[in-house]
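Everything quoted here is computed from the prediction, not taken from an experiment. Chain letters run A, B, ... following the sequence lines, proteins first, then strands; residues in each count from 1.
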2 protein chains.
Amino acid sequence: MGDQTQNRRARLRAETAQEIKTIALRLMSEGGPDAISLRAIAREMGMTAGAIYGYYPTRDDLVTTLISDVYTSLVDQAEAAVAPLPVDDVAGRTLAWAQAFRAWSVANPEGFRLIYGDPVTGYQPPEGGPAAEAAQRACAGLTSLVAGAWPRAENLEAADGHLWSDFQPAFAADIRDRFPELPPAGVALAIRVWGRMHGLVALEIYGHLRPLTHDPAKLYRAEMLDLVRSLGLTPHA
Amino acid sequence: MGDQTQNRRARLRAETAQEIKTIALRLMSEGGPDAISLRAIAREMGMTAGAIYGYYPTRDDLVTTLISDVYTSLVDQAEAAVAPLPVDDVAGRTLAWAQAFRAWSVANPEGFRLIYGDPVTGYQPPEGGPAAEAAQRACAGLTSLVAGAWPRAENLEAADGHLWSDFQPAFAADIRDRFPELPPAGVALAIRVWGRMHGLVALEIYGHLRPLTHDPAKLYRAEMLDLVRSLGLTPHA
DNA sequence: TAGAATTACTACACGGTGTTCAGTATCAGC
DNA sequence: GCTGATACTGAACACCGTGTAGTAATTCTA
């Protein structure tokens, strides 16, 4: 019966590892990224801080997997918001993605900080880590929107001057594989769209808009409408 | 001679307070915002950590004054980059501001994190603090650019729908005082321009662009050219 | 110039953190 | 029932911010 007992132990192990993540996420949502302390997690689990080292080699590794989880949930939500809309409604899909992005960020400010800010004291993101993967996934989602708008936005290409060699090879290969019709300028545009969505939300999450306006949603909406217009699209209604 | 000795003591006091800030800034530029520890500062000064409490009531207060200093230096640099250009070259001034903003950020990533990110473990920005003041100053600089472009960009006003009541009273009053001709939509546009400059730079500073491109400057330049074009301006050459 | 008062600073303690490691208790496998 | 792996404890180490009590020096006053 080696297998069953092995499975049993492996299952318990996996459950414990999951519980650590769950508690860590709850602590983060309650007290910010800095509340993710091994001691606090262990305290809630009735364990010792040292015990966690049996599951994650260091706290940064735990944070890394949390980032992966959280980032994935964000991209999932954005993709889910886009999915029900018809593929030819590029303006609607873009606005839906943008609103989903902000809605998630406002609902999970700590998650936003975890992904896009200094996650936690002294943390350095691993080079090829899951954050990079999720970032590529997010960027690919935006790229598909831009690719949909591209036929009508080609006038933007002229002055851009981007080449394939400007991008990281792995990323460029992935994109060229998925969107063969899209020129480098389109990829650059996708990243720029990402930056444009990111900017106002980041300022809002970190409280820099508070002394200026009490309706950041309106501001963001105006910006996104301007964005789809700049893509040569006209939003339905 | 009470005055002179008072002055002498006050001078020494001010010098020590300044030295604390200087060392804190150096520590930050070397090891990130989290390297600002009272113990490390005191160690470099040949003092005890507790001694710093004679100059700053708490570490967050020290960080607050650092933010003020750093933020001021950023805005100073942006304004200095704009100053030599003729007032009617709105496109050039806008691009100059944008480039100065990114150049400063790339040169002082830790400073950028300090201003725009989680400054430091558990730090909460004071409500009416110096960060808010510097933010208003930065925003006012951008607003003056937008005000310069406004006559040619009024077509953007229609769909915006912003009202003065959407903004914080103090901010709105300040802006209306300085730019009487500018409607609410123009102020909203100024903040949006800020967000647009902020987005790509924030992504770059926090390493999210690294897996995508190795020429973030080119990307940023393309975005800023698109921005001035969307303001109805054409950059010189 | 001698004493009083203010100031600057140290020394130490408290509770918090990540991390390591020797030891122990539990449990699967023979 | 014994052996070996696994999970966990408990204590330690080196940090951190923050107070507080005491001390040394410097300034003011008489």
Side-chain angles (χ1 to χ4, degrees), chain A residues 1-21 23-24 27-28 30-66 118-124 126, chain B residues 1-21 23-24 27-28 30-66 118-124 126:
Chain A
M1 308 274 115
D3 260 348
Q4 290 189 10
T5 52
Q6 271 302 100
N7 287 346
R8 187 181 108 85
R9 279 219 294 223
R11 201 191 61 219
L12 288 177
R13 224 191 120 70
E15 279 172 6
T16 307
Q18 180 57 50
E19 190 185 354
I20 292 173
K21 283 202 297 186
I23 293 182
L27 287 175
M28 183 193 66
E30 287 169 4
D34 291 301
I36 308 176
S37 87
L38 298 186
R39 295 185 129 96
I41 296 171
R43 214 177 295 133
E44 299 231 358
M45 295 178 70
M47 288 200 322
T48 320
I52 299 181
Y53 285 83
Y55 299 89
Y56 299 93
T58 181
R59 197 190 62 150
D60 279 13
D61 291 84
L62 171 59
V63 170
T64 299
T65 79
L66 290 180
D118 300 291
V120 87
T121 301
Y123 173 85
Q124 280 298 339
Chain B
M1 308 281 111
D3 260 348
Q4 290 191 9
T5 53
Q6 272 300 101
N7 286 346
R8 188 180 110 85
R9 279 217 296 220
R11 202 192 60 219
L12 289 178
R13 227 191 118 70
E15 279 173 6
T16 306
Q18 182 56 49
E19 189 185 356
I20 292 173
K21 284 202 296 186
I23 292 182
L27 287 175
M28 182 191 69
E30 287 170 4
D34 290 300
I36 309 176
S37 84
L38 299 186
R39 293 185 128 94
I41 295 171
R43 212 178 297 131
E44 299 231 359
M45 295 179 70
M47 290 199 321
T48 320
I52 299 181
Y53 285 84
Y55 297 90
Y56 300 95
T58 181
R59 198 190 60 150
D60 279 13
D61 291 84
L62 171 57
V63 170
T64 299
T65 77
L66 290 180
D118 299 293
V120 87
T121 301
Y123 173 86
Q124 280 298 340

Rounded distance in Å - CG (Leu38(B)) to C1' (dG19(D)): 12 Å
Rounded distance (Å) that lies between atom P of dT18(D) and atom CG of Asp60(B): 6 Å
dT18(D) OP1/OP2 closer than 4.0 Å to side-chain N/O of Thr58(B): yes
Smallest separation among heavy atoms of Tyr55(A) and Arg13(A), with atom names: CE2-O, 3.6 Å
Straight-line distance of Ile52(A) CD1 to Arg59(A) CZ, nearest 0.5 Å: 11.0 Å
Within-4.5 Å side-chain heavy-atom neighbours: Leu27(A) and Glu44(A): yes
Interatomic distance, Asp34(A) CG vs dG17(D) P [rounded to whole Å]: 13 Å
Distance below 4.0 Å between Arg43(B) side-chain N/O and dC16(D) OP1 or OP2: yes
Ile41(B) CD1 to dT18(D) P, straight-line distance once rounded to whole Å: 11 Å
Under 3.5 Å, which N/O atoms of the protein pair with N/O atoms of nucleotides 7-11 of chain D?
residue	atom	partner	partner atom	Å
dA7(D)	OP1	Arg13(A)	NH1	3.4
dA7(D)	OP2	Arg13(A)	NH1	3.4
dC8(D)	OP2	Tyr55(A)	OH	2.5
dT9(D)	OP1	Gly46(A)	O	3.4
dT9(D)	OP2	Thr48(A)	N	2.6
dT9(D)	OP2	Thr48(A)	OG1	2.7
dT9(D)	O5'	Thr48(A)	OG1	3.1

Whole angstrom value for the distance that separates P of dT19(C) from CG of Leu62(A): 10 Å
Beyond-backbone contact of Tyr56(B) with Thr64(B), side-chain heavy atoms, under 4.5 angstrom: no
Whole angstrom value for the distance that separates C1' of dT7(C) from CZ of Arg11(B): 16 Å
Pairwise side-chain contact, Arg43(A) with Arg39(A), heavy-atom cut-off 4.5 Å (strictly under): yes
Integer-rounded Å distance: dA8(C) C1' and Tyr56(B) OH: 16 Å
Atom pair distance, as rounded to whole Å: OH in Tyr53(A) and C1' in dT6(D): 19 Å
Heavy-atom check, side chain of Met28(B) versus side chain of Leu66(B), under 4.5 Å: no
